[in-house]
Protein chains: 2
Amino acid sequence: MKKDCAHKHTHQRQELSTLTGRLRRESHKITGPRAAILEILRHHPHPLTNKEIHAELREGECDLATIYRAMQLLGKLGMVKRFDFGDGVARFELVGEGDDGHHHHLICTQCAEVVEIAECFPTEVEQRIANQNGFRSVTHRLEFFGVCPDCQ
Amino acid sequence: MKKDCAHKHTHQRQELSTLTGRLRRESHKITGPRAAILEILRHHPHPLTNKEIHAELREGECDLATIYRAMQLLGKLGMVKRFDFGDGVARFELVGEGDDGHHHHLICTQCAEVVEIAECFPTEVEQRIANQNGFRSVTHRLEFFGVCPDCQ
DNA sequence: CATTAATTGCAAATTGTTTGCAATTGATTC
DNA sequence: GAATCAATTGCAAACAATTTGCAATTAATG
């Protein structure tokens, strides 16, 4: 069911050196596990779970706990963005330089295929919601769910 | 920080008998625990976690596992809707009769205050997203996050 | 009130994620 | 390149949310 690259990615793949450079700049070590993880993320434009990342790595190349720690670090540095498809598992996607990674997905409820979506919630409406309720710094989390062509 | 009833609820509180009736109609028993749970939900217009529901109940009135099972049943019957605030904990809200419970929230990232939001993602745009990708039965999950007046 | 299937409590199992700690390893300095 | 030191890792144990097996209990029904 699950197709391999129906995903249209808007941002181009970052160089590994760009990524490690950013880590190094923040006074973090470029270790084997980290390079391997970044390498996986670079080649997967979809959001990946920690377990999926772990499965992509060679046997014994990196402990699962290390992946959790790496994702936490990369998240803090704004290099990956965490997505939540409502199934209680965190997923991560690499964020382009200067980008904040804000975007949404359309997920097949049958086969879990993921399509990246360009559309976003209208800014004016979000602004109005914020104002009406006196909230500041309002953002949103938005994902679409449906049945993909192959699963209908 | 957390205010008690800033939440504006659109739907009016359902009678307990209405709720139990629905359960009975589906050939399920009206047990002490279930009545107690429905009673809690009836009086709380916000999404509640299983643990919160458990805390509201009197000591020993109902096991936590029973609440998990009840929410699963009520969910299947469409009597409660599950919400996901991205913190890995499921929250549930009673759904009005005939309603599908689809709506969104604005959540304070500091104190977790929850405001129910009337706005929704534009149907035309959602339709277009579905068509463009050949998906059917598309819905969405949408929540807003920001800092509430009290926490600024 | 007896019967029966649904439901419960309790404990144990699962799953995703975090953490303590001793051993290892980058980066830096000489 | 070797010494040094803090950052990082693997591994196991700890956690938290949720699920499940099973024997005991209970609501509905006649």
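First the proteins, then the strands, lettered A, B, ... as listed; each starts at 1.
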- Note on the structure: Rounded to whole Å, the CZ-P distance (R34(A) to dT8(D)) equals 4 Å
- Message: Heavy atoms within less than 4.0 Å of DNA chain C: which residues of residues 65-74 of chain A have one? Give them sorted by number.
- Response: A65(A), Y68(A), R69(A), Q72(A)
- Message: Using a 3.5 Å distance criterion without hydrogens, assess whether the side chain of H104(A) forms a donor-acceptor pair with backbone atoms of L142(A).
- Response: yes
- Message: So, OP1 or OP2 of dA6(D): does either fall under 4.0 Å of a side-chain N or O from K29(A)?
- Response: no
- Note on the structure: Here the distance between atom P of dG16(C) and atom CG of N50(A), to the nearest Å, is 10 Å
- Message: Less than 3.5 Å apart, any donor N or O on the side chain of H105(B) or E93(B) sitting next to an acceptor on the other?
- Response: yes
- Short side-chain N/O contact from T49(A) to OP1 or OP2 of dG16(C), under 4.0 Å: no
- Query: Taking the six-membered ring where the residue is Trp, are the ring centres of F121(B) and F144(A) under 6.0 Å apart?
  - Reply: yes
- Query: For dT9(D), does either OP1 or OP2 sit under 4.0 Å from a side-chain N or O belonging to T31(A)?
  - Reply: yes
- Message: If you take the centroid of each ring, where Trp contributes its six-membered ring, are H44(A) and F92(A) closer together than 6.0 Å?
- Response: no
- Sugar-phosphate, base or nothing in reach of E26(A), heavy atoms under 4.0 Å: nothing
- Query: How long is the line joining CZ of R25(B) and C1' of dA6(C), in whole Å?
  - Reply: 19 Å
- Query: Any side-chain N or O of H28(A) less than 4.0 Å from the OP1 or OP2 oxygen of dT8(D)?
  - Reply: yes
- Message: Are more than 12 heavy atoms, taken from residues, nucleotides or ligands other than R136(B), located less than 6.0 Å from that residue's CZ atom?
- Response: no
- Note on the structure: Sorted by position of nearest nucleotide on DNA chain D, 5' first, the leading residue of R24(B) and L64(A) is L64(A)
- Which residues pass the salt bridge (Lys or Arg N to Asp or Glu O under 4.0 Å) test with E143(A), sequence neighbours left out? none
- Given side-chain contact (heavy atoms from CB on, under 4.5 Å), test L19(A) with L94(A) step by step and report yes or no. CA-CA 10 Å; L19(A) 295 168; L94(A) 217 42; 3.9 Å; yes
- Taken to the nearest whole Å, CG/D63(B) to P/dG21(D) is 16 Å
- Would you mind classifying the nucleic acid contact of G32(B) as base, sugar-phosphate or nothing, using non-hydrogen atoms under 4.0 angstrom? nothing
